[in-house]
Amino acid sequence: MKLVFPNGEHGAVLLSPGVNRIGTAPNCAVVLGGDAIHPVHCEIHLTAVGANLQVPAGGGAVALNGKPVSELMALRSGDRIDIGGIEAALATIQPARSPLLPKPADDDDIGATRVRTAIPRFVLRGLSGAVFGKVFPVSGPVVIGRAPDCDITVPLDEISRRHALLKPVGDGVSVEDLESSNGTYINTPRVEHGFLGPGDELRLDTMRFQLIAPGIDAAQQMPRDAADARPVPRTRMRRWAAVAIAAAAVLAAAFVLVPA
């Protein structure tokens with residue numbers, strides 16, 4: 001995807017996977033000028049499942065399609081972004097077509113409905129070290145660890161090869177410590193099995209993440225008190241696992257092209 005500026009304040013910018021910062025700071029992916037622009041005014045997070053817009057601490061005023069941005073918001077091609085009074089738009093990069101291939105007809109219909117890519121219900125936002133500022137979707141079971149085959153790889157010696165397993169369940173994410181050496185923590189307590197709600201902090205040794213639910217208002221995503229971060233009973237874990245499996249089956253079916 002790319003970011004374009006219809007009024008010419010900046011040339012079109014190809015967005016890179018990960019965090020694309022926009023502001024006056026010289027190390028930003030998009031450097032803008034203007035009295036209303038902050039050093040890091042806003043961020044566009046590009047992941048394998050889509051793009052998200054966020055205003056970090058110390059950021060400036062941003063509006064998405066005329067609506068002020070106060071939380072992590074999903075982006076789609078064609079969205080209009082007001083960055084401190086500077087207008088930008090998100091656009092999809094069109095693949096080049098060979099001149100030898102016929103142009104598809106406007107009414108070409110293969111008899112199937114295109115299913116829109118689903119926005120993940122939960123994402124992990126890195127708060128420290130090598131993962132700071134990065135976001136990771138939690139759309140299904142996710143293993144975090146040092147091993148390169150993990151879903152989220154953290155190349156630190158203090159992180160076990162397979163450190164923790166996360167699964168979306170109900171209104172949050174279940175967390176299972178995979179017998180790590182340095183422990184898994186939710187907010188403050190060390191847990192073997194626990195529940196991570198929106199706003200809660202997950203810590204693997206010194207590596208910190210926060211769980212964010214893009215569809216929930218930011219004011220509601222506050223970390224729980226330490227006393228509330230209780231380990232989850234194994235019976236509830238099994239029940240949640242069944243729910244997670246059923247949800248995964250529904251999501252898989254949703255991506256199949258169905259007749260119009």
Side-chain angles (χ1 to χ4, degrees), residues 15-21 23 25-29 39-40 43-52 54-59 72 120-169 172-214 221-226 228-232 237 240-241 244:
L15 299 177
S16 303
V19 181
N20 296 265
R21 295 183 174 87
N27 60 342
C28 285
V40 179
E43 298 172 344
I44 294 179
H45 302 264
L46 190 62
T47 70
V49 295
N52 298 287
Q54 185 173 40
V55 178
L72 188 71
R121 291 187 58 205
F122 304 106
V123 295
L124 278 180
R125 181 187 181 196
L127 299 179
S128 65
V131 298
F132 177 77
K134 297 181 180 180
V135 291
F136 307 92
V138 185
S139 302
V142 171
V143 174
I144 307 176
R146 192 177 74 246
D149 59 344
C150 289
D151 301 293
I152 300 176
T153 301
V154 182
L156 292 178
D157 292 340
E158 294 79 9
I159 303 297
S160 296
R161 289 186 57 80
R162 291 173 59 85
H163 198 110
L165 171 64
L166 278 61
K167 296 179 182 178
V169 288
V173 171
S174 70
V175 178
E176 179 184 354
D177 181 80
L178 300 178
E179 299 182 353
S180 66
S181 298
N182 293 324
T184 298
Y185 303 79
I186 295 178
N187 294 329
T188 300
R190 182 169 181 169
V191 299
E192 293 185 2
H193 295 84
F195 178 80
L196 194 67
D200 284 345
E201 182 177 303
L202 173 69
R203 180 164 63 88
L204 312 181
D205 189 50
T206 59
M207 190 62 55
R208 297 163 50 233
F209 301 86
Q210 184 183 35
L211 186 70
I212 298 174
Q221 302 193 45
M222 300 297 293
R224 294 166 295 153
D225 293 336
D228 293 332
R230 294 181 294 270
V232 178
M237 287 291 296
W240 281 349

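Because the structure is a prediction, the values reported are computed rather than measured.
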Q: Within the structure provided, determine whether His45 and Leu72 are in side-chain contact (heavy-atom separation under 4.5 Å).
A: yes
Q: Check step by step if side-chain contact (heavy atoms from CB on, under 4.5 Å) holds for Phe136 and Asp151.
A: CA-CA 9 Å; Phe136 307 92; Asp151 301 293; over 6 Å; no
Q: Determine the sole option in Ile144, Leu165, Thr184 for which the side-chain contact (heavy atoms from CB on, under 4.5 Å) test with Leu178 is passed.
A: Leu165
Q: Mark yes or no for whether Gln210, through its side chain, and Gly199, through its backbone, hold a donor-acceptor pair below 3.5 Å.
A: yes
Q: Is there side-chain contact between Cys150 and Arg162, with heavy atoms separated by less than 4.5 Å?
A: yes
Q: Do the side chain of Asn187 and the main chain of Glu201 share a donor and acceptor less than 3.5 angstrom apart?
A: yes
Q: Per the side-chain contact (heavy atoms from CB on, under 4.5 Å) rule, which among Val175, Val169, Val138 passes with Leu196?
A: Val175
Q: For residues Arg125 and Gln54, determine if any side-chain heavy atom of one lies less than 4.5 Å from a side-chain heavy atom of the other.
A: yes
Q: Quick one: which of Leu211, Leu166, Ile212 gives a side-chain contact (heavy atoms from CB on, under 4.5 Å) with Phe122?
A: Leu211
Q: Measuring only between side-chain heavy atoms, which start at C-beta, is Glu158 closer than 4.5 Å to Thr206?
A: no
Q: Main chain of Ser160, side chain of Ser180: is a donor-acceptor contact present, judged purely on distance under 3.5 Å?
A: no
Q: Is the side chain of Thr153 donor-acceptor paired with the backbone N or O of Ala147 at a distance under 3.5 Å, no angle test?
A: yes
